[in-house]
S.K.: 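Sending over a structure as structure tokens; questions will come in a sec.
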Amino acid sequence: MKLSYYLRGLGAQGILETAQGIIVGKPCRNRYYEEYKAVYSKILKEYGREDMPVLYNVNFGHCPPIGIIPYGIMCEIDATARTIKLCESCVL
């Protein structure tokens with residue numbers, strides 16, 4: 001599965017070591033939802049990051065309903081409350 005390769009690539013580059021959370025978009029028609037979750041869990045365990053909060057099934061990305069999370073701005077993830085807060089303006 002390509003997702004495994006991508007996540008291991010992030011791990012090999014040290015990105016998983018410094019990341020404070022992962023936001024995963026909603027899969028189209030919820031297809032492979034459980035399989036994707038299993039891959040994230042497996043790879044994070046391989047890199048000793050089982051503690052990392054992962055928000056799954058978030059309404060952004062390529063599948064409806066489509067929301068926008070801009071790249072390059074600080075966000076606050078509250079895994080318990082299941083919220084994402086944009087901490088700075090996303091427009092200039």
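Note that the structure is a prediction, hence the values are computed from the model and not measured.
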S.K.: Taking only residues two or more places apart in sequence or in another chain, which ones pass ring-ring contact (aromatic ring centres under 6.0 Å, His included) with Tyr32?
M.R.: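 ring-ring contact (aromatic ring centres under 6.0 Å, His included) check on Tyr32 returns nothing, list empty.
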
S.K.: Going by side-chain contact (heavy atoms from CB on, under 4.5 Å), name the residues that satisfy it together with Ile22, two or more places apart in sequence or in a different chain.
M.R.: Leu16, Val24, Tyr40, Leu44, Met52, Val54

S.K.: Just by modelled atom types, is the Gly11 backbone N or O under 3.5 Å from a matching donor or acceptor in the Arg49 side chain?
M.R.: no

S.K.: Excluding sequence neighbours, so at least two apart, what forms ring-ring contact (aromatic ring centres under 6.0 Å, His included) with Tyr47?
M.R.: none

S.K.: Using a cut-off of 6.0 Å, state whether more than 12 heavy atoms not belonging to Glu50 lie near its atom CD.
M.R.: yes

S.K.: For Cys28, what residues pass the disulfide (SG to SG under 2.5 Å) criterion, not counting sequence neighbours?
M.R.: Cys63

S.K.: Under a 4.5 Å side-chain heavy-atom rule over Ile, Leu, Val, Met, Phe, Trp and Tyr, are Tyr56 and Ile43 clustered together?
M.R.: yes

S.K.: Quick one: SG on Cys75 to CG on Leu55, what's the gap to the nearest 0.5 Å?
M.R.: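 Those atoms lie 11.0 Å apart.
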
S.K.: If Ile, Leu, Val, Met, Phe, Trp and Tyr residues are connected whenever their side-chain heavy atoms lie under 4.5 Å apart, and connections chain through other members, are Ile15 and Ile23 in the same group?
M.R.: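 Result: no, two separate clusters.
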
S.K.: List the steps and the verdict of side chain to side chain contact (heavy atoms under 4.5 Å, CB included) for Ile68 and Phe60.
M.R.: CA-CA 6 Å; Ile68 298 171; Phe60 83 100; over 6 Å; no

S.K.: Can you give the donor-acceptor pairs under 3.5 Å from side chains of residues 78-92 to other protein atoms, not counting sequence neighbours?
M.R.:
residue, atom, partner, partner atom, Å
Asp78, OD1, Thr80, N, 3.1
Asp78, OD1, Ala81, N, 2.9
Glu88, OE2, Met74, N, 2.9
Ser89, OG, Val91, N, 3.2
Ser89, OG, Val91, O, 2.9

S.K.: Does anything in residues 1-17 pair up under side chain to side chain donor-acceptor pair (under 3.5 Å), and if so which pairs, sequence neighbours excluded?
M.R.: Arg8-Glu46

S.K.: Hey, any chance Leu3 and Tyr33 share a hydrophobic cluster, counting ILVMFWY side chains that come within less than 4.5 Å of each other, even indirectly?
M.R.: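 Hydrophobic grouping puts Leu3 with Tyr33.
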
